[in-house]
Number of protein chains: 2
Amino acid sequence: MHSVPNPRVNQLLAMLPDEDYRQLLPGLELVALPLGQIIYEPGVQMEYVYFPVDAIVSLLYVMEDGASAEIAVVGKDGVVGVALFMGGETTPSQAVVQSAGQAYRLGARRLKDAFRRVGGRRQGVLHDLLLRYAQALLTQMAQTAVCNRHHTLDQQLCRWLLLSLDRLPSNHLVMTQELIANMLGVRREGVTEAAGKLQRAGLIKYHRGHITVLDRAGLEARSCECYAVVKRECDRLVLQGTSAKRGKTGSPTGTVRDGAR
Amino acid sequence: MHSVPNPRVNQLLAMLPDEDYRQLLPGLELVALPLGQIIYEPGVQMEYVYFPVDAIVSLLYVMEDGASAEIAVVGKDGVVGVALFMGGETTPSQAVVQSAGQAYRLGARRLKDAFRRVGGRRQGVLHDLLLRYAQALLTQMAQTAVCNRHHTLDQQLCRWLLLSLDRLPSNHLVMTQELIANMLGVRREGVTEAAGKLQRAGLIKYHRGHITVLDRAGLEARSCECYAVVKRECDRLVLQGTSAKRGKTGSPTGTVRDGAR
DNA sequence: CGCTGTATGTTCGGTGCCCCACACTGCGTG
DNA sequence: CACGCAGTGTGGGGCACCGAACATACAGCG
């Protein structure tokens, strides 16, 4: 249960060449991230970046009137706290643990040193990797904006479940409908209805805060194109380095459907 | 009319120390950006980055069914083509000239060289500046997502007008309601109605594709908090370097109202 | 075993925006 | 000057989601 996981379960750490990884290793510290923990608050200086292993962290903006909306989600595919190496130090948004788990954290000082280190044989591999991840995050936020504008709650719920699923080790997530509603920025009742449809269709099964995904392909078919776009871009930017494509949209890369509508 | 503008009207170029600026100067090329010109297409390798002088460029995502939504707007405050230095080379979104004007462009190769150049006396000023701008863009996208989720078309129109206004030299913009609708991802009729309200309230005056803002403060009062957040964050990140604040939300910096609701 | 709180299900009126259709009006052009 | 069209105004019907209130059911705990 509480065994020590390999830091390189995190995809960013996994992508580092051994040499760069070994330089980082002494600074990495395993921490538990319980559900609901706030990793950073808007406007407050961050002390660490977090490389999740099996936890999921939501970046969300809380408005003056208390309403909230998720703008991106980070799991083993990325790192929480990009503002530290982007140079802003803080953001107007908040980071909250959406699914409990573990992460490796790295002190701000150590991160920045490693980020800026250009010397040595290798030419800022970590630097480039983190920037590509930041671009993936940019894409995710953009797509969230589009999705919020144009797509139905049903579609958005599918997208959200898939994004979460991709970042978890199993097909089971611990998550009440109330929490999902907060993330999506909708009413709880709306989620109840949308989730009910999915359950009746046999795609998921849920019970008092536990959701099990039964038919992943079915979710993909019901989801909007947003999930596919984000997934493809994440894979391209983080897992494959750059590989710029020529020609509109290029060919799909992920495990995602393309023709479905 | 077509005189040669100072590149340093662009705020990013203006923030560079003289030495860094002079190194960039030979590569800068003045180009006209006519309304509607597409600066880059989704998935296609970019050749240049653009530093707008008085043009405004919209980053927007066009969906499979042709519907679109603006995810950020770039003017003299920034640069079009962050994917070039972020390392992704391409993005799933499109960049379109929303308001005609001029920009200085810089070849991809030269930009990347300057971005990576760490040697010399100065330590990557351009590098840090561009990354801080990228974070500002991140914030703008996040806020667009929030705004799309929670705010009315009336509020969003105000936000949009203000964002455009900040990037223009006068209080007059050339823009049909049809175009605005495309940017906001809503129906043209919706914009007609919202704009009508603003005109009846005496905040703006418009006629056949020409909009004049009469009461800027009034727009700010009717807008949602999203405009203020984006504005403050842009100023903080680009104009002031970092200056991390401690404590929630910090003190407002921009020219924006804070108490209004 | 009953109490209590959390999680989920259901209903109803209201509203913001969509879709569709059409009417009006300046302005430029032949 | 008539025509055409781009830009704008208006209306009806519909749908998705909101807000609020309430019903049910399961889980843990004393």
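Quick caveat: nothing in here was measured; it's all calculated off a predicted structure. Letters A, B, ... are given to chains in the order of the sequence lines, protein chains preceding strands, and every chain is numbered from 1.
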Ordered by number, residues from residues 179-207 of chain B within less than 4.0 Å of DNA chain D (heavy atoms) are R188(B), E189(B), T192(B), Y206(B)
*Under-4.0 Å salt bridge between E193(B) and K197(B)*: no
Worksheet item: Any chance the side chains of R236(A) and T90(B) put a donor and an acceptor closer than 3.5 Å?
Response: yes
- Query: Ignoring hydrogens and angles, does a donor from either the side chain of R208(A) or the base of dT6(C) sit under 3.5 Å from an acceptor on the other?
  - Reply: yes
E178(B) atom CD is separated from dG9(D) atom P, nearest whole Å, by 13 Å
* Residue pair Q98(B), E70(B): steps toward the side-chain hydrogen bond (donor to acceptor under 3.5 Å, both in side chains) verdict -> CA-CA 11 Å; Q98(B) 177 203 94; E70(B) 186 180 82; 3.1 Å; yes
note: R149(A), atom CZ; dC17(C), atom C1'; distance rounded to Å ~ 9 Å
Between CE of M175(A) and P of dT6(C) the distance, given in whole Å, is 17 Å
Q) So do the side chains of L30(B) and P5(B) get within less than 4.5 Å of each other, counting heavy atoms only? A) yes
H151(A) NE2 to dA16(D) C1', in whole Å, measures 14 Å
inquiry  = Could you walk me through whether V74(B) and Y50(B) satisfy the side-chain contact (heavy atoms from CB on, under 4.5 Å) test, starting with their C-alpha distance in whole Å, then the side-chain angles of each, then the deciding distance to 0.1 Å, before giving a yes or no?
reply    = CA-CA 10 Å; V74(B) 181; Y50(B) 293 77; over 6 Å; no
Rounded to whole Å, NE2 of H150(B) lies from P of dC17(D) at a distance of 14 Å
Problem - E178(A) side chain vs R188(A) backbone, donor-acceptor pair below 3.5 Å - result: no
